[in-house]
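Please read the structure below before turning to the comments.
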Amino acid sequence: MQKMEDGRLAFLNGSFSDAVESYTDVLQTQVLSEPIRVNAIRGQLDALLELGQADRARELLQQYLEKTDRPDRRERKAAILHVYAKYLELSGEPKAAVKVLREELSYLSSQYERYYMRLTENYLQQARLFLDMCELSEARIYLDLASYCMNTDGDDLLKACYYYVEARYLLASREKEEALQYLFSARELFLLSGARWWAEKTDESLAQITE
């Protein structure tokens with residue numbers, strides 16, 4: 001669907017208001033396949049959080065979660081829980097976010113499309129949370145899990161995200177030179193994926209390190 005592609009491109013380029021609008025339009029369509037609905041819900045919620053509209057995101061999270069108590073909606077619940085963990089992270093509740101991410105894992109199934117990619121996203125988010133809590137040994141465990149799953153099923157954008165979090169770990173471990181190499185790799189893959197906004201965020205990180 002064109003609206004889905006519009007939302008994806010808007011999100012990658014940091015046009016989060018446009019992304020919300022596109023994904024919301026998709027969700028107002030009467031007939032949607034479950035995979036498209038899941039991706040539209042997640043895109044809408046992710047964009048709202050990037051916009052700083054946490055209250056609106058939480059309101060929608062609650063509405064969407066109420067409609068996931070059916071066996072055929074486990075993948076939808078997993079996707080919503082993933083964004084809920086991001087909401088908790090932004091709200092300064094990293095331990096609660098980790099708990100939700102572990103709940104998400106119980107709803108993921110190898111029968112779902114891009115199963116290993118979804119595992120990678122979960123493990124990367126857990127690694128980032130442990131880095132925020134300065135628990136490097138735990139962060140290393142989840143980075144290694146993410147690396148394994150990413151090599152099984154991953155794309156350039158996901159690899160860029162992995163390299164970015166790996167760089168954060170290396171900086172926390174005082175391995176500056178290696179961290180810089182991971183950031184350069186992340187930047188290159190963000191650009192290759194059309195994610196200009198994320199490449200600019202990586203440039204900011206590089207500038208801070210090299211000052």
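Every value quoted in this text rests on a predicted model; they were computed, and no experiment measured them.
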Non-neighbouring partners of [X] that pass side-chain hydrogen bond (donor to acceptor under 3.5 Å, both in side chains), sequence neighbours left out:
X	result
Gln125	His82
Asn151	none
Glu66	none

For [X], check salt bridge (Lys or Arg N to Asp or Glu O under 4.0 Å) against everything at least two apart and list the hits.
X	answer
Asp156	none
Glu121	Arg42
Arg114	Asp153
Arg174	none

Hey, is the main chain of [Y] close enough, under 3.5 Å, to the side chain of [X] for a donor-acceptor pair?
X	Y	result
Thr24	Glu21	no
Ser106	Glu103	yes
Ser147	Leu143	no

Sequence neighbours excluded, the answer for ring pair (Phe, Tyr, Trp, His ring centres under 6.0 Å) partners of Tyr23 is none

Taken in chain and number order and not counting sequence neighbours, the residues that satisfy ring pair (Phe, Tyr, Trp, His ring centres under 6.0 Å) with Tyr182 are Tyr163

Please list all pairs meeting side-chain hydrogen bond (donor to acceptor under 3.5 Å, both in side chains) that have one or both residues in residues 31-40, counting only residues at least two apart or in different chains. Glu34-Arg76

Name each donor-acceptor pair under 3.5 Å that joins a side chain in residues 130-138 to protein atoms two or more places apart or in another chain, with its distance.
residue, atom, partner, partner atom, Å
Asp132, OD1, Arg168, NH2, 2.7

Determine all donor-acceptor pairs shorter than 3.5 Å in which one atom belongs to a side chain in residues 185-197; sequence neighbours excluded.
residue, atom, partner, partner atom, Å
Ser185, OG, Gln181, O, 3.1
Arg187, NE, Asp203, OD1, 2.5
Arg187, NE, Asp203, OD2, 3.4
Ser193, OG, Leu157, N, 3.3
Ser193, OG, Leu189, O, 2.9
Arg196, NE, Asn13, OD1, 2.7
Arg196, NH2, Asn13, OD1, 3.3

